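All values reported here derive from a predicted model rather than from experimental measurement. In what follows, chains carry the letters A, B, and so on, assigned in the order in which the sequence lines appear, proteins first and then strands, with residues in each chain numbered from 1. Hydrogens, waters and symmetry mates are skipped; everything else that's a heavy atom, side chains included, is used.
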Protein chains: 2
Amino acid sequence: MARNKQYHQFLRQCGLKVTSTRLLVLDVLMSTRTALSHSDILDKTRGSRLDKVTLYRTLNTFITHGIAHKVASEDRNWLYALHPIDRNNTVRDDHAHFICDQCERIYCLPVQTRNSMPAPESEEGFVIRTHEYRLHGICPQCH
Amino acid sequence: MARNKQYHQFLRQCGLKVTSTRLLVLDVLMSTRTALSHSDILDKTRGSRLDKVTLYRTLNTFITHGIAHKVASEDRNWLYALHPIDRNNTVRDDHAHFICDQCERIYCLPVQTRNSMPAPESEEGFVIRTHEYRLHGICPQCH
DNA sequence: GATTTTATTGCAACTTTGTTGCATTTTAGG
DNA sequence: CCTAAAATGCAACAAAGTTGCAATAAAATC
């Protein structure tokens, strides 16, 4: 199936209208392994005259509809990425983030959903529901 | 030893000059279990006419000197906390963050430094050095 | 205690990131 | 094709954080 038709289907499946902005942003986010900032995305779509407000709204719509997430960068901004999607077009949100200490790019990496979650030391009263991992090191690009 | 003298010694030990701003900020951060935003700290030190730029600089100085760290909140700001310090006045930076999904406060919790780190699934080329955990759930205050 | 050097501070002004309001345009259902 | 609702684009705004520079404070030395 052509990529565009796939995106159309995916958006409808998520309860979202198909618009050219959304197709564009999906394409950009799909095209890279790293999380991107708002200005990264604007740069990559320069020719399309994408409005910055529309981009913020689109990203926030993807987040509230559970198809994307945002990670804080070391700077004053957020980085955005789509949730990984498995073969059945099912969105998976159980993954880790890898921050390269050299180039500062952030990757989404699948993580074994084993019972490997650390437990807080003798900390009463905290009810843990979910957990996130952030890994630091050197990425393949900088290795 | 009086708390103030302890803070003096601690700052000198970290290679920092003792100033009233630093003593004040240390005291505020020491006095709570949760990470605080810049404006939280300004609120708590209202009587002391602490300048906002000075506060930003002090927090950043603590971070670069390895005695504090910042965590992104869900809002557009950073939350700041001192690194936990053990009995020997040694700074420990291996801890988890617990985000309460109800009140949105962020706690620093000690975490067992076991070999519980998840490994990325078949992801070649990533050199992992450190890891961070963020736990989500309900804190004792909201339980 | 005085002097000197360097770091810190306080203020105004600025920059960057993200949001709001509203009129216009687009999407999708009928 | 029509209509309703959502999405968009623009100007204006808000909030968080930074920069530049003169004044002040800390600490070392004498």
Side-chain angles (χ1 to χ4, degrees), chain A residues 4-5 7-28 35-43 45-65 67-80 104 106, chain B residues 4-5 7-26 28 35-65 67-80 104 106:
Chain A
N4 222 39
K5 275 211 170 269
Y7 293 164
H8 282 236
Q9 185 192 38
F10 181 64
L11 286 171
R12 290 191 182 101
Q13 194 180 319
C14 299
L16 291 172
K17 289 183 173 181
V18 176
T19 72
S20 62
T21 300
R22 287 171 181 170
L23 294 173
L24 191 58
V25 173
L26 261 186
D27 202 37
V28 169
L36 299 175
S37 70
H38 178 271
S39 60
D40 288 336
I41 299 168
L42 279 184
D43 283 345
T45 58
R46 224 171 348 232
S48 310
R49 301 170 59 88
L50 180 54
D51 180 73
K52 75 158 189 163
V53 181
T54 302
L55 177 55
Y56 275 112
R57 288 181 176 138
T58 301
L59 292 168
N60 286 327
T61 296
F62 285 175
I63 291 167
T64 58
H65 280 78
I67 63 179
H69 59 285
K70 62 185 187 184
V71 196
S73 80
E74 301 300 307
D75 298 329
R76 295 165 52 191
N77 58 12
W78 291 103
L79 301 181
Y80 300 86
E104 300 190 342
I106 298 186
Chain B
N4 222 38
K5 276 211 167 269
Y7 294 163
H8 282 235
Q9 185 192 39
F10 181 64
L11 286 171
R12 291 191 181 102
Q13 195 181 317
C14 298
L16 292 172
K17 289 183 174 179
V18 176
T19 72
S20 61
T21 300
R22 288 172 181 171
L23 295 173
L24 190 58
V25 173
L26 260 186
V28 169
L36 298 176
S37 70
H38 178 270
S39 59
D40 288 336
I41 299 168
L42 279 184
D43 283 346
K44 286 175 181 287
T45 58
R46 224 170 350 232
S48 309
R49 298 168 61 86
L50 180 54
D51 179 75
K52 74 158 187 163
V53 181
T54 302
L55 177 55
Y56 276 111
R57 289 184 174 134
T58 300
L59 292 168
N60 286 327
T61 297
F62 284 175
I63 291 166
T64 57
H65 279 79
I67 62 178
H69 58 285
K70 60 185 187 183
V71 195
S73 80
E74 302 301 307
D75 299 330
R76 291 168 57 193
N77 58 11
W78 290 104
L79 301 180
Y80 300 86
E104 300 191 343
I106 298 186

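The distance from the NE2 atom of B:His69 to the CG atom of B:Leu79 is 9.5 Å, given to the nearest 0.5 Å. A distance of 7.5 Å separates CG of B:Leu55 from OH of B:Tyr80, quoted to the nearest 0.5 Å. To the nearest 0.5 Å, atoms CG (A:Asp43) and CG (A:Leu50) are separated by 11.5 Å.
Near-neighbour residues of DNA chain C inside residues 69-78 of chain B, defined by a heavy atom below 4.0 Å, number-ordered: B:Arg76. A heavy-atom distance below 4.0 Å to DNA chain C is reached by these residues of residues 51-58 of chain A, ordered by number: A:Lys52, A:Val53, A:Tyr56, A:Arg57.
In the helix from C:dG1-D:dC30 to C:dG30-D:dC1, the rotation axis of the first five pairs and that of the last five pairs differ in direction by 40°, rounded to 10 degrees.
The nucleotide range of DNA chain C contacted by chain A, defined by atoms under 4.0 angstrom from heavy atoms of the protein and reported 5' to 3', is C:dT15 to C:dA28. First and last contacts of DNA chain D with chain A, using any nucleotide atom under 4.0 Å from a protein heavy atom and ordered 5' to 3', fall at D:dA6 to D:dG17.
Screening residues 67-76 of chain A for salt bridge (charged side-chain N to carboxylate O under 4.0 Å, His left out) gives A:Glu74-A:Arg134 as the qualifying pairs, with residues at least two apart or on separate chains. Sorted pairs that involve residues 55-65 of chain A and meet side-chain hydrogen bond (donor to acceptor under 3.5 Å, both in side chains), not counting sequence neighbours, are lacking altogether.
For A:Leu59 against A:His38, the heavy-atom pair with the smallest separation is CD1-CD2, 4.5 Å. For the pair A:Trp78 and B:Ala72, the tightest heavy-atom approach, listed with the atom from each and the gap, is CH2-CB, 4.4 Å. Nearest approach of B:Ile106 to B:Ser73, heavy atoms of both residues: CD1-CA, 4.5 Å.
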For residues 19-27 of chain A, run the donor-acceptor check on the side chains, cut-off 3.5 Å, and write out each pair with its distance to 0.1 Å, sequence neighbours left out.
{"unit_1": "A:Thr19", "atom_1": "OG1", "unit_2": "A:Arg22", "atom_2": "N", "d": "3.2"}
{"unit_1": "A:Arg22", "atom_1": "NH1", "unit_2": "A:Lys17", "atom_2": "O", "d": "2.8"}
{"unit_1": "A:Asp27", "atom_1": "OD1", "unit_2": "A:Arg3", "atom_2": "NE", "d": "3.4"}
{"unit_1": "A:Asp27", "atom_1": "OD1", "unit_2": "A:Arg3", "atom_2": "NH2", "d": "3.3"}
{"unit_1": "A:Asp27", "atom_1": "OD1", "unit_2": "A:Tyr7", "atom_2": "OH", "d": "3.1"}

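Residue B:Ser20 is the one, among B:Ser20 and A:His38, whose nearest nucleotide of DNA chain C lies closer to the 5' end (criterion: closest heavy atom). Position along DNA chain D of the nearest nucleotide to B:Ser39 versus A:Lys17 favours A:Lys17 as the more 5'-ward residue.
A:Thr21 comes within 4.0 angstrom of sugar-phosphate atoms only, judged by non-hydrogen atoms across all strands, and of no base.
Residues passing the side chain to side chain donor-acceptor pair (under 3.5 Å) test with B:Ser39 are B:Ser37, sequence neighbours excluded. For A:Ser48, there are no side chain to side chain donor-acceptor pair (under 3.5 Å) partners two or more places apart in sequence or in a different chain. Taking the side chain to side chain donor-acceptor pair (under 3.5 Å) definition, one finds that A:Thr45 meets it with nothing, sequence neighbours left out. Remark: A:Asp51 pairs with A:Val53, A:Thr54 by the side-chain contact (heavy atoms from CB on, under 4.5 Å) rule, at least two apart or across chains.
Within the 4.5 Å cutoff, side-chain heavy atoms of A:Phe62 are placed close to those of A:Leu11.
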